Amino acid sequence: MKPPEEKIVAVAALEARLARAPGKRQGLVLANGIFDLFHVGHVRYLEGAKREGTSLLVALNSDASARRLKGEGRPLLPLAERMEIVAALQCVDWVTSFEEDSVEALLGRILPAAHAKGTDYTVESVPERAAAASLGIRTVIVGDPKRHATSDLIDRIRR
């Protein structure tokens with residue numbers, strides 16, 4: 001098993017790897033999120049994503065993107081720490097990050113076989129679904145029912 005630091009890759013480096021070995025895209029699943037205050041729902045989502053293919057790339061929102069999406073005070077953990085935590089999971093093959101609020105542009109750059117989202121979505125409600133479909137990328141819903149949320153954990157801790 002690779003150490004976590006070897007799993008963390010820049011998007012450009014990952015693009016180059018996949019250009020040299022395009023067959024790796026066939027079983028590649030892309031999962032994405034903020035992954036702030038990692039919890040069991042995250043683990044179940046990522047393990048479910050891995051089961052949809054042969055390799056798993058996890059893309060994390062940058063700190064600025066997380067702040068735009070979740071508000072001031074988020075993320076609680078900086079990007080480098082969130083990436084290291086995710087990379088430590090056995091089911092994860094690569095970890096990268098993106099600056100945008102949506103993973104749509106990354107889908108076009110990486111061209112995975114599948115894009116995995118959690119059960120707080122349906123295939124029809126995934127924001128990037130149309131872009132993924134136009135690129136021939138399958139959209140899959142994985143993980144356990146959405147009963148775990150970082151926002152809820154933060155609220156419980158504050159109370």
Side-chain angles (χ1 to χ4, degrees), residues 4-15 17-18 25 28-50 52-53 55-89 91-123 125-135 137-144 146-158:
E5 62 273 6
E6 289 183 19
K7 294 181 180 183
I8 298 171
V9 294
V11 173
L14 188 57
E15 280 181 296
R17 285 183 193 185
L18 293 170
R25 285 189 167 100
L28 180 60
V29 178
L30 171 68
N32 66 282
I34 296 171
F35 301 101
D36 199 12
L37 278 188
F38 205 80
H39 55 70
V40 70
H42 292 135
V43 172
R44 292 171 182 166
Y45 163 55
L46 295 177
E47 287 178 339
K50 177 65 177 251
E52 292 293 328
S55 59
L56 177 61
L57 166 63
V58 183
L60 278 72
N61 294 75
S62 70
D63 291 343
S65 174
R67 210 169 0 271
R68 287 190 302 272
L69 294 169
K70 298 295 184 178
E72 279 305 310
R74 297 285 302 275
L76 298 173
L77 299 175
L79 178 62
E81 291 180 17
R82 292 183 285 127
M83 290 176 78
E84 185 176 340
I85 290 167
V86 171
L89 295 173
C91 65
V92 174
D93 296 286
W94 293 307
V95 178
T96 196
S97 65
F98 62 102
E99 293 294 329
E100 301 81 13
D101 294 349
S102 162
V103 75
E104 190 170 309
L106 186 60
L107 287 169
R109 290 178 71 181
I110 300 301
L111 298 171
H115 177 216
K117 294 297 274 186
T119 58
D120 45 336
Y121 292 93
T122 64
V123 169
S125 70
V126 171
E128 302 87 1
R129 180 179 169 269
S134 73
L135 295 165
I137 300 168
R138 193 168 47 98
T139 299
V140 295
I141 304 302
V142 298
D144 66 344
K146 181 73 174 183
R147 289 190 293 260
H148 317 281
T150 299
S151 298
D152 294 343
L153 283 173
I154 292 169
D155 289 345
R156 283 177 40 205
I157 291 167
R158 286 185 175 148

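All values reported here derive from a predicted model rather than from experimental measurement.
- The nearest pair of heavy atoms linking A132 to T139 is CB-OG1, 3.9 Å.
- With rounding to the nearest 0.5 angstrom, the CG atom of L77 is 5.5 Å from the CD1 atom of I85.
- Open room surrounds CD on E84; 12 or fewer heavy atoms of other groups in view lie less than 6.0 Å from it.
- E128 CD to L135 CG: the interatomic distance, rounded to the nearest 0.5 Å, is 11.5 Å.
- Between the CG atom of L111 and the CD atom of E15 there is a distance of 9.0 Å, given to the nearest 0.5 Å.
- Here the shortest heavy-atom pairing between R25 and I110 reads NE-O, 2.6 Å.
- Summarising the geometry of P75 relative to R67, their closest heavy-atom pair is CD-NH1, 4.0 Å, with the distance given to 0.1 Å.
- In this structure, R138 and H115 have side chains that are not in contact, with every pair of non-hydrogen atoms separated by 4.5 Å or more.
- Between W94 and S55, the shortest heavy-atom contact is CZ3-OG, 4.4 Å.
- Closest of all the heavy-atom pairs between L106 and A59 is CD2-CB, 3.4 Å.
- Side chain of Y121 to backbone of A116: no donor-acceptor contact under 3.5 angstrom is found.
- Proximity of P112 to V29: side-chain heavy atoms (C-beta onward) are nowhere separated by under 4.5 Å.
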Please determine whether side chain to side chain donor-acceptor pair (under 3.5 Å) holds for the pair T122 and S125, giving the CA-CA distance in whole Å, both sets of side-chain angles, and the decisive distance to 0.1 Å. CA-CA 5 Å; T122 64; S125 70; 3.3 Å; yes
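- At least one side-chain heavy atom of V9 sits less than 4.5 Å from a side-chain heavy atom of R17.
- If you take CG on L79 and CZ on F98, they are separated by 10.0 Å, rounding to the nearest 0.5 Å.
- Of all the heavy atoms in N61 and L69, the pair that sits closest is ND2-CD1, 3.4 Å.
- The distance from the CZ atom of F35 to the CZ atom of R82 is 9.5 Å, given to the nearest 0.5 Å.
- The CG atom of D63 lies 9.5 Å from the CG atom of L60; values are rounded to the nearest 0.5 Å.
- Annotation: salt bridge (Lys or Arg N to Asp or Glu O under 4.0 Å) contacts of K50 (sequence neighbours excluded): D93.
- Residues K117 and N32 meet the side-chain proximity criterion, which asks for heavy atoms closer than 4.5 Å.
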